[in-house]
Amino acid sequence: MTKQRTRKTGLVLLLLVWLAVAFYGYQQVNDEQTTLKTITLGYQKADPFDIARQRGVLAKKMKAKGYKIVWKQFQDGAAELQALKSGSIDYARIGDTPPVVNLAAGASFVYIAAGSTKAAGSGILVKKNSTIKSIKDLKGKRVAYTKGTSSNYLILSALKKAGMSASDIKWVNLDNAAASVAFNKGKVDAWATWDPMTSTAELTQNAKLLVTGENGVSSNRDYVLSTASFAKNNEEVSALLVKYLSADMTWANKHSTQLVKMLSDSLNLSTKIVKRMVARRSFSMTAINQTVIKEEQDIADLFYEAGLIKKKLTIKDAVAYTSD
Amino acid sequence: MDSSIPSNKTAIKIKAPKKRHLTIGWSQLLPWVIPVSVVVIWQAASTFGILASSTLPSPLAVFQDTVTLVQNGTLQKNISISLYRATVGFLIGGAFGFFFGVLNGVSRFSRSLFDSSIQMLRNIPHLSLIPLIIIAIGIDESAKISLVAIGVMFPIYINTLHGIQSVDPDLLEMGQSYGLSKRELFSKIIFPSALPTILMGVRYALGVMWTTLIVAETIASDSGIGYMSTNAEDFMDMKTIIVCIVIYALLGKLSDLIAKNIESIVLAWRDVKEVKSHD
């Protein structure tokens, strides 16, 4: 039957194309082998690691020292720390709150380095025409946040500073994508989040920051974490990493035009939004010092008080090497 | 297609082909009526300002976004990588599913040993397996492929098992009385009569393959369609989200087309009507 034959030829052709495309995909994900010692770094979009990755200098310098850098991108901190725990990555760039939550859950992480404060870009958003004029007005209102992240701490800390308690507001736990929609549609009255979500909301969703992380509410720094055992055996790698990251961050401060383009490409956001985000922060990466230990200790203490973590933590025990 | 059924006994021979041509035209167009009218209405609503472009971009804007994505190469790259993960995952998962389906179908011992464990695993949401997969397998390609394989395994397993278990006992008895060996019984009777059900499992598994892949591509990923859409979701990039949805739909349709064709080729020996009743 000729119909059956054309059907067969068509199917075989279709399958061949399918396999060819799949093979093309296979070639793209399999990169070449190397004899260098591989260091795997976990990052999320537009973070200091991502800047270093896109600039490419760090990988080159590490290669000169005999290390091959492999970058792994993560969608969220939970998966990233899971990968760090299981040894799939060696270092993770993460926010200020997930380390506390994980340390309390028994993970043997250590802090390697800390970034500069992002306090001005993190905060609680409300609509411009909202009746909420001060943090006191949040009483009884629905506030979107993401549990176990810096937005969780930011609200707690802001409430505490205003003399209010955690039960004064209605907590709505949503991830950023869902929170953005809920906030836009007025399903929540306020939304605690960080850049670039805050800049995006301010410029495209008719939102303003009711309260920011400034004035000691929440510094919301970046941190570089590793596992205790890896850090102990790789002191040299850690030192090199901090040194080169620090150089990348100095570059980022000096080349804001290039940086804005780099970040807006990688985030797929307009340069206007990214400019706003870059303008209200600076970049740095330094070894852990007493200031950041105290900040992390504050997070741990407040989370313990609020019953979010079950263990009292001493942050300075989870620091591999300090600068002071 | 019912084109071969003469609708009018008295129709003269010359007229018949014309009529046939018409019916084929209709039956081929009909499936596209809903998708095309959705796009047309959607475009109209956007053009006349009923639908704000900030809520939902117009089909034209989505098309322009597709063109940009093709021009900078991201779309081709992501599709090919997804296709690779899906294919390898499907082959591995399908092989396991088929193996256990056959084994448990023919051996009572292995069925009591494995079946309830497999049934327990089957209903675990894939999303909740991610932490376990990261711990057990890591975050590389193998992790994504394993998740797809796990997803694909169950429909193939269940259909293979069901197909083998529901083989007509009379046929089996007849085969035995003809003195067929165990191997011949399997290849001549059990497998052919289980095949339609197995192929149905393949069709279903092809659907599961794509849905699992989306979940898999959120594990430490910087490529693939799943990554593209979750990434777009994070920043509410509606145009790219819609591009991804359309691609899913097309890939799903494509795999279904392949499965359907395999079915009709492999099952050509069966009566047409019977195939339909199993569809």
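Bear in mind the structure is a predicted one, so any value in this text is a computation, not a measurement. So you know, we letter chains A, B, ... as the sequences are listed, proteins then strands, and number each from 1.
For the atom pair Ile258(B) CD1 and Leu14(A) CG, the distance stands at 4.0 Å (nearest 0.5 Å). Atom CD1 of Ile265(B) sits about 12.0 Å away from atom CZ of Arg5(A), to the nearest 0.5 Å. Here the CG atom belonging to Leu84(A) is positioned 11.5 Å from the CD1 atom belonging to Ile134(B), to the nearest 0.5 angstrom. Here the CG atom belonging to Asn268(A) is positioned 9.0 Å from the NZ atom belonging to Lys239(B), to the nearest 0.5 angstrom. Note: Gln28(A) CD to Tyr84(B) OH = 12.0 Å, rounded to the nearest 0.5 Å.
More than 12 heavy atoms of other residues, nucleotides or ligands lie within 6.0 Å of NZ in Lys208(A), so this atom counts as buried by the packing criterion. By the 6.0 Å contact criterion, OH on Tyr204(B) is open, its count of non-hydrogen atoms from other residues, nucleotides or ligands being 12 or less. The local environment of NZ in Lys275(A) is sparse, with at most 12 non-hydrogen atoms from other residues, nucleotides or ligands closer than 6.0 Å. Counted within 6.0 Å of OH on Tyr248(B), heavy atoms from surrounding residues, nucleotides or ligands total more than 12; the atom is thus considered enclosed.
The side-chain heavy atoms of Tyr26(A) and Arg85(B), taken from C-beta on, include no pair separated by under 4.5 Å. Within the 4.5 Å cutoff, the side chain of Arg7(A) has heavy atoms near those of the Ser264(B) side chain. Proximity of Leu254(B) to Trp18(A): side-chain heavy atoms (C-beta onward) are separated by under 4.5 Å at one or more points. Looking at heavy atoms from C-beta onward, Leu83(B) lies out of side-chain contact with Leu19(A) at the 4.5 angstrom threshold.
For a residue to count as touching a neighbouring chain, one of its non-hydrogen atoms must lie under 4.5 Å from one of that chain's; by this rule Ile137(B) does not touch chain A. Within the 4.5 angstrom heavy-atom criterion, atoms from both the backbone and the side chain of Ser88(A) approach chain B. For Lys8(A), the parts lying near chain B are the backbone and the side chain together; criterion is any non-hydrogen pair under 4.5 Å.
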side-chain contact (heavy atoms from CB on, under 4.5 Å) between Gln73(A) and Tyr227(B), worked out:
CA-CA 10 Å; Gln73(A) 190 187 321; Tyr227(B) 162 77; 3.3 Å; yes

